[in-house]
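Residue numbering restarts at 1 for every chain, and letters A, B, ... go by the order of the sequence lines. Note that these values count all heavy atoms, side chains included, but never hydrogens, waters or copies made by symmetry.
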Amino acid sequence: MQKELTKIIVLLSSSKVGEKITVNGWVRTKRESKNVAFIALNDGSTIKNIQIVADKEIISEDILVKINTGAAISVKGELVESKGTEQSVEVIAETIIVLGEANPDEYPLQPKRHSLEFLREKAHLRFRTNTFGAITRIRHAMIFAVHKFFNDKGFYNIHTPIITGSDAEGAGEMFHISVFNPENMPLNEDGSVNYAEDFFGKETNLTVSGQLEGELAALAMSNVYTFGPTFRAENSNTSRHLAEFWMIEPEMAFYDINDNMDLAEEMLKYLVKYALDNCADDLQFLEKRLIDEEKSKPQNQRSEMALIEKLNFVLENDFVRTTYTEAIKILKNSKPNKKKKFNFIIEEWGADLQSEHERYLVEKHFKKPVILTDYPKDIKAFYMKQNDDGKTVRAMDILFPGIGEIIGGSQREERYDYLLKRMREMNIPEKEMWWYLETRKFGTVVHSGYGLGFERMMLFVTGMGNIRDVIPFPRTPKNAEF
RNA sequence: UCCUCUUUAGCUCAGUUGGUUAGAGCACCUGACUGUUAAUCAGGGGGUCCUAGGUUCAAGUCCUAGAAGGGGAGCCA
C-alpha cells in the first residue's frame, strides 16, 4: 500500500505533473457543481490541501454522497496543472475509494473556524484542523531541533528517572506513586502509612525535575541534557501551567554562569531559527490566524509585532543581561511603581519579582528578552552557587515577552561545605541526598545548567495564548480526558 | 486556591423592564444554478435556555447553591 502512495506535500512541491498518482487523506470540504465536485484533501504532511477534481461522469453519485467533511478517502488519478486560481496543481480523479465515512450529522468539525475551547473538548479530532496540524508539525520540528542542537555540540542525552524516591527536589507538589489499595493501606503502629511494604519499599513520586541526576551525569560526561516528562501536582489554573509537561535540562561541567547564559541564548535562537527555516507555511498560517483573532480586540491590546516579525526580532537582538539588584532599581523608579499601579509595590531589595514586574521589564522597559542574574539567596533553591557577597546566588532567569519565565537556571554550588550548610539552613534532608553530596566530595568542579519548559517555548514560537493548545493531550487540574 | 467573566440549536452568538409560539449566521436535509475556492440562491428540519432549589399570576431574564469553561493572580518551567 505505502509504496504507491504519495504525500500531499510531495504532490504540491514536485514536478510530478502529468504522472498517475495515488493519494490518501481526510476530506476537509467538498464543493459540488452540476458536472464536477471539488474535494479539498489533507493528509497532515502540510497545511495545504490538494484539490481533487471528481468528474461526475467518472465518479459515481453513490461514492460522492459518502465524501463528507472528515471522511477518509483514497484517490487514484493524474496530477495536472489547475485551471483554478487558488492552487497550482490538482488531481483529476479516476477512482475514489471511501476508506472511512464520516456521518455529517455527527461529525463535529465544520469547515470553518472553531473556538480553541471547543476544540480542547474534541482533542481526539483537533489534529484534523489547520491550527493543530500546524502546531503538531512545529512541535515535532522543535523536538527534533532540540536534539540536533545538543547532539551537534557534543552533548549526551540521558534519561533521568520518572519515578523518584527523593522528595527534596523542592520544585513543588508531587504526584505520589504507590501500588497500595487506597482503601486499605498498610499502617504502622502509630497510624502512619507503612511505605516499607510498598513496591519500592519507600515513598516514591513522579519526577518534578531531572536536574539532580543530570548533575551526576555531567560530573563525568561533561555535557549532558535531559528532555523528558515532568509532573507537578500544583493546583495551577493558568494558561502557562500543565500538570504534565516536557522539560529540557542541560547540565554542563566547566561552565560558569556566563557560559550558561551564552548556551541558553544560543539554544533559544537556534530553535527559533529552525522554526523559521523549516516551518514557514505553518508559521504564516498561525500568524494570519493571530491577526484575524486580534481584529476583534481594541488597538492597545493587539500585538506590536506579527508572529514572524517577532521571531526574527528575537533572533537578531542580543538578550539584555542584568542583575536582580539592577532590576529592583529600575522597578523602584518605574512609573507604575511610583504611581502605585503595580499590585505589589517594590519597596526594597529582597522582594520576589511578580509577573507584573517581569512583564514591565521585558515588555515596557527593555522591550527585549531579559536574563536576570544574581538573585537573593533566600528566594532561590539550595543548590545554587553562592556569591561572595553572602546575599546572592548565581541564578539566571530568562524572561520572554508574553510568557514570562521561559528558562530558570544557575551555576551550581560545587563546594561541599557551602552546599551542606545551605541544605541545613533550608531543611533539605541531607541523609536522603547523600549521593548528591558525594559528587562534591569526589572530583567536584564548577558546573551549571538550566531548565526550559518545552511547552512555553512552543507558546512563543507558535504565538498561541494557552499552553493547553501546544500539547496534544493537556493534563491540568480536573482534566485527564483522552 | 483566590478574584472575575461566561454557560441559549451541531458550532458562533443575539434575546429589551420578567409577559403570547425563544431568534440569526454557519452546519445539516431538499431543490435550483454553477471549474468551485469557508461557492451562491430558495425552502425545510433542529432547543433539558448548564444543574438543583426559590421568588412570582408569569422566569432564558430576578435570588440562592452547585457544576463546567474562559481571563487574571499565586506557585513555577
How long is the line joining CZ of A:Phe227 and P of B:rA77, in whole Å? 16 Å

Between B:rC2 (C1') and A:Glu234 (CD): distance, integer Å: 15 Å

Determine whether any donor atom in the side chain of A:Glu90 lies under 3.5 Å from an acceptor atom in the base of B:rG35, or the reverse, and answer yes or no. yes

Integer-rounded Å distance: B:rG72 P and A:Phe344 CZ: 16 Å

Quick one: does A:His114 reach the base of B:rC11 with a side-chain donor-acceptor pair under 3.5 Å? no

Grab the CZ-P distance between A:Arg359 and B:rG74 for me, whole Å please. 11 Å

Pick base, sugar-phosphate or nothing for A:Ser115, based on heavy-atom distances below 4.0 Å to the nucleic acid. sugar-phosphate

Pick base, sugar-phosphate or nothing for A:Arg28, based on heavy-atom distances below 4.0 Å to the nucleic acid. nothing

Can you give one letter per nucleotide of nucleotides 37-47 of chain B, going 5' to 3': B for a protein heavy atom under 4.0 Å from the base, S for sugar-phosphate only, - for none? BBB--------

Hey, does the side-chain of A:Gln110 have a donor or acceptor N/O within less than 3.5 Å of a partner on the base of B:rG10? yes

May I ask you to say what A:Ile406 touches in the nucleic acid, namely base, sugar-phosphate or nothing, with a heavy-atom cut-off under 4.0 Å? sugar-phosphate

Using the side-chain heavy atoms of A:Val53, tell me which of these nucleotides is nearest: B:rG71, B:rG74, B:rG35. B:rG35

Euclidean distance for P, B:rU17 against B:rU61 (whole angstrom): 15 Å

For A:His241 and B:rG72, give me the distance from atom NE2 to atom P, rounded to whole Å. 12 Å

So what does A:Asn237 hit on the nucleic acid, given a heavy-atom distance under 4.0 Å: a base, only sugar-phosphate, or nothing? base

5'-most contact on RNA chain B (nearest-nucleotide basis), A:Glu356 vs A:Ala243, goes to A:Glu356

Remember a base hit wins even if backbone is also touched, and classify A:Leu242 as base, sugar-phosphate or nothing at under 4.0 Å, heavy atoms. base

Regarding the side chain of A:Arg468, the nearest nucleotide among B:rG10, B:rG74, B:rG70 is B:rG70

Got a donor-acceptor pair under 3.5 Å from the side chain of A:Asn35 to the base of B:rU34? no

Classify the ring geometry of A:Phe144 against A:Tyr274: parallel below 30°, tilted from 30° to 60°, perpendicular beyond 60°. tilted

Expressed in whole Å, how much space separates the C1' atoms belonging to B:rA14 and B:rG25? 11 Å

Pair A:Lys48 + A:Asp282: basic N to acidic O under 4.0 Å: no

With respect to the phosphate group of B:rG71, does any side-chain polar atom (N or O) of A:Ser239 fall under 4.0 Å of OP1 or OP2? no

What interatomic distance, in whole Å, is found between C1' of B:rC2 and the corresponding atom of B:rC11? 33 Å

First of A:Ile92 and A:Thr69 reached from the 5' end of RNA chain B, by closest nucleotide: A:Thr69

Looking at the base of B:rC76, is there any donor atom on it, or on the side chain of A:Ser236, that sits under 3.5 Å from an acceptor on the other one? no

Could you check whether A:Arg240 pairs with A:Glu455 (Lys NZ or Arg NE/NH1/NH2 to Asp/Glu carboxylate O, under 4.0 Å)? no

Assign the ring pair A:His124 / A:Phe482 to parallel, tilted or perpendicular, where the plane angle (0 to 90°) is split at 30° and 60°. parallel

A:Ile52 atom CD1 is separated from B:rU36 atom P, nearest whole Å, by 18 Å

With C1' as the reference atom in both, quote the distance from B:rU12 to B:rA27 in angstrom, rounded to an integer. 11 Å

A:Phe319 and A:Phe400: aromatic ring centres closer than 6.0 Å? yes

So, A:Phe245 and B:rA77: ring centres less than 5.5 Å apart, planes less than 30° off, yes or no? yes

What interatomic distance, in whole Å, is found between C1' of B:rA59 and the corresponding atom of B:rU51? 16 Å

Counting Watson-Crick and G-U wobble pairs whose two distances are both under 3.5 Å, find the runs of 3 or more in a row that involve RNA chain B. B:1-7 with B:67-73, B:10-13 with B:23-26, B:28-32 with B:40-44, B:50-54 with B:62-66

B:rG18 and B:rC57, which share atom name C1', separated by this distance in whole Å: 12 Å

Ion pair present between A:Glu90 and A:Lys83, side-chain N to carboxylate O less than 4.0 angstrom? no

Of all residues at least two apart in sequence or in a different chain, which pass the salt bridge (charged side-chain N to carboxylate O under 4.0 Å, His left out) check with A:Glu413? A:Arg415

Quick one: A:Leu271 CG to B:rA77 C1', roughly how many Å, whole number? 15 Å

To the nearest Å, how far apart are A:Phe38 CZ and B:rU34 C1'? 10 Å

Suppose we call two aromatic rings close when their centres sit under 6.0 Å apart. Are A:Phe454 and A:Phe245 close by that rule? no

In whole Å, what separates the P atom of B:rA38 from that of B:rC76? 48 Å

Compare the minimum distances between each of B:rA73, B:rC11, B:rA77 and the side chain of A:Phe118, then state the nucleotide with the smallest one. B:rC11

Under 30°, 30 to 60°, or over 60°: which ring-plane class applies to A:Phe342 and A:Tyr360, parallel, tilted or perpendicular? perpendicular

With no hydrogens and no angle check, is any side-chain donor or acceptor of A:Arg456 less than 3.5 Å from a backbone partner on A:Glu405? yes

Answer yes or no: does a side-chain N or O of A:Thr238 lie under 4.0 Å from OP1 or OP2 of B:rA73? no

Using atom C1' in both nucleotides, what's the gap between B:rG43 and B:rU48 to the nearest angstrom? 29 Å

Distance flag, aromatic centroids of A:His357 and A:Phe344, threshold under 6.0 Å: no

Please work out whether the ring planes of A:Phe127 and A:Phe473 are parallel, tilted or perpendicular, with thresholds of 30° and 60°. perpendicular

